[in-house]
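Below, chain A is the first sequence line, B the second, and so on; all start at residue 1.
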Number of protein chains: 2
Amino acid sequence: MLHSLRQFKAEIFQALAHPTRVAIVELLREGELTVNQLCEKVGVEQANASQHLAILRNKHMVVTRKEGNQIFYRLRDPLLGEILDKLRAYFFAYFDEAMAMLRAEQQEAQS
Amino acid sequence: MLHSLRQFKAEIFQALAHPTRVAIVELLREGELTVNQLCEKVGVEQANASQHLAILRNKHMVVTRKEGNQIFYRLRDPLLGEILDKLRAYFFAYFDEAMAMLRAEQQEAQS
DNA sequence: AAACTATATTCGCATAATCGAATATAGCAG
DNA sequence: CTGCTATATTCGATTATGCGAATATAGTTT
């Protein structure tokens, strides 16, 4: 049970462990969107968005509704969005350090 | 800014995206622990624990205190633990489905 | 200094994640 | 049925992650 819970948490975190998927979840907090709308707003190729959506879908973090030939995505539970708020607060609580961290990683990514 | 924030969130999630690291964070909510204590409680090799701790340390999610020849780890901010509570609630809100998800993944991992 | 304990780092390998390109499916319009 | 649009899946190459084993560092004890 304990292990299942930890495994579950880790998998949800893994699903959120990409800026594109964070963006998708953020956008879906406002209401449902089609794949195309998500592509535009996030600024990513259709195929790529679809792959990221598949990851969120497989974890049941988003649910879909089909209307005509398009598919609307929405967040399964607002709780998932609230987690982002927590991290937002955390980010600003340690703002300078957090920014420094991101810059440092960019540095070493280039070198 | 928006992108930095998303990048930051994704990196924190990535750092939490492993059951061992989830376990470490859970344990540190209760107070500081040495590496050895963490190894025992989590049930993992010393070198492995050290690698996971390095990941949390690099993201400044844990901080350390040296005393003699041992090092105590503690959580940087209780907010990180609260995120786990959110996911705990989420897990139980969809318990049957969540368990089914874990089982399904175990299946396909073996086959 | 030598031996011992606690912790960290490096290395090599196996597995998984990401992306763009190409292809597939499904609904709709003519 | 044909073509068109929306979405999903597969493929192949590249990069990242996780592990155990070995090695390194730092503090402690003798």
Side-chain angles (χ1 to χ4, degrees), chain A residues 3 6-7 10-24 27-28 32-74 104-106 108-111, chain B residues 6-7 10-24 27-28 32-74 104-111:
Chain A
H3 287 283
R6 283 175 181 162
Q7 178 71 34
E11 290 191 17
I12 299 297
F13 287 134
Q14 177 58 52
L16 291 170
H18 194 285
T20 297
R21 295 195 293 271
V22 169
I24 290 172
L27 289 167
L28 293 182
E32 57 181 16
L33 291 171
T34 67
V35 178
N36 248 331
Q37 290 173 321
L38 281 168
C39 286
E40 285 170 21
K41 298 206 183 211
V42 179
V44 78
E45 296 287 317
Q46 181 270 320
N48 197 359
S50 209
Q51 289 174 99
H52 285 299
L53 286 168
I55 290 171
L56 296 172
R57 209 177 343 109
N58 288 338
K59 305 289 189 221
H60 303 106
M61 296 165 67
V62 295
V63 294
T64 58
R65 176 175 71 84
K66 190 181 293 194
E67 184 176 321
N69 69 349
Q70 47 193 9
I71 296 184
F72 288 83
Y73 276 82
R74 65 175 189 281
E105 284 156 9
Q106 266 192 299
E108 72 187 24
Q110 287 172 356
S111 63
Chain B
R6 283 174 181 162
Q7 179 71 34
E11 289 190 19
I12 300 297
F13 287 133
Q14 177 58 51
L16 291 170
H18 194 285
T20 297
R21 295 195 293 270
V22 169
I24 289 172
L27 289 167
L28 292 182
E32 57 181 15
L33 291 171
T34 67
V35 179
N36 248 332
Q37 290 173 321
L38 281 168
C39 287
E40 285 170 18
K41 298 207 183 210
V42 178
V44 78
E45 296 288 317
Q46 181 270 319
N48 197 0
S50 210
Q51 290 175 99
H52 286 299
L53 285 168
I55 289 171
L56 296 172
R57 209 179 340 109
N58 288 337
K59 305 289 188 221
H60 303 109
M61 296 166 66
V62 296
V63 293
T64 58
R65 176 175 71 85
K66 191 182 290 194
E67 185 176 319
N69 69 349
Q70 48 193 9
I71 296 183
F72 288 83
Y73 276 81
R74 65 175 189 281
E105 284 156 9
Q106 267 192 300
Q107 287 293 113
E108 72 186 26
Q110 289 173 355
S111 62

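A rotation axis mapping the C1' atoms of four pairs onto the next four is fitted at both ends of the helix from C:dA1-D:dT30 to C:dG30-D:dC1 over five pairs, and the angle between these axes is 10° to 10 degrees.
Counting heavy atoms from C-beta outward, A:L16 and A:M61 have side chains that approach closer than 4.5 Å.
The interatomic distance linking B:E40 (CD) with C:dT5 (P) rounds to 15 Å, in whole Å. Atom CD in B:Q51 sits roughly 9 Å away from atom C1' in C:dT10 (whole-Å rounding). Counting to the nearest Å, the P atom of D:dA21 and the CD atom of B:E45 are 7 Å from each other. Put simply, CZ on B:F13 is 16 Å from P on D:dT17, counting in whole angstrom units. Rounded to whole Å, atom C1' of C:dC13 lies 15 Å from atom CG of B:N48. In this entry the distance linking CD1 of B:I55 with C1' of D:dA16 reads 11 Å, nearest Å. In this structure, NE2 of B:H52 is placed 7 Å from P of D:dG18, rounded to the nearest angstrom.
Relative ring orientation between B:F13 and A:F13 is described as parallel, the plane-to-plane angle staying below 30° on a 0-90° scale split at 30° and 60°.
In summary, of the residues considered (A:H52, A:E45, A:Q46), a side-chain hydrogen bond (donor to acceptor under 3.5 Å, both in side chains) with A:N48 occurs for A:H52 alone. If you run side-chain hydrogen bond (donor to acceptor under 3.5 Å, both in side chains) between B:Y73 and each of B:R57, B:E32, B:Q37, B:R65, only B:R57 comes through.
Between the side chain of A:R21 and the backbone N or O of B:A10, no donor-acceptor pair lies under 3.5 Å.
Residues A:L56 and A:A15 approach most closely at CD2-O, 3.9 Å, considering heavy atoms.
Rounding to the nearest 0.5 Å places CD1 of A:I24 at 13.0 Å from NZ of A:K41. Summarising the geometry, atom CD belonging to A:Q70 is positioned 11.0 Å from atom CG belonging to A:L33; distances are rounded to the nearest 0.5 Å.
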(request) Would you give a per-nucleotide map of nucleotides 3-8 of chain D, 5' to 3', where B means the base has a protein non-hydrogen atom under 4.0 Å away, S means only the sugar-phosphate does, and - means neither? (result) --BSBB
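Side-chain nitrogen and oxygen atoms of B:K66 include none within less than 4.0 Å of the OP1 or OP2 phosphate oxygen of D:dA26.
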(message) Please evaluate residues A:L28 and A:L38 with respect to the criterion side chain to side chain contact (heavy atoms under 4.5 Å, CB included), reporting the C-alpha separation (whole Å), side-chain torsions for both, the decisive distance (0.1 Å), and the verdict.
(response) CA-CA 9 Å; A:L28 293 182; A:L38 281 168; 4.2 Å; yes
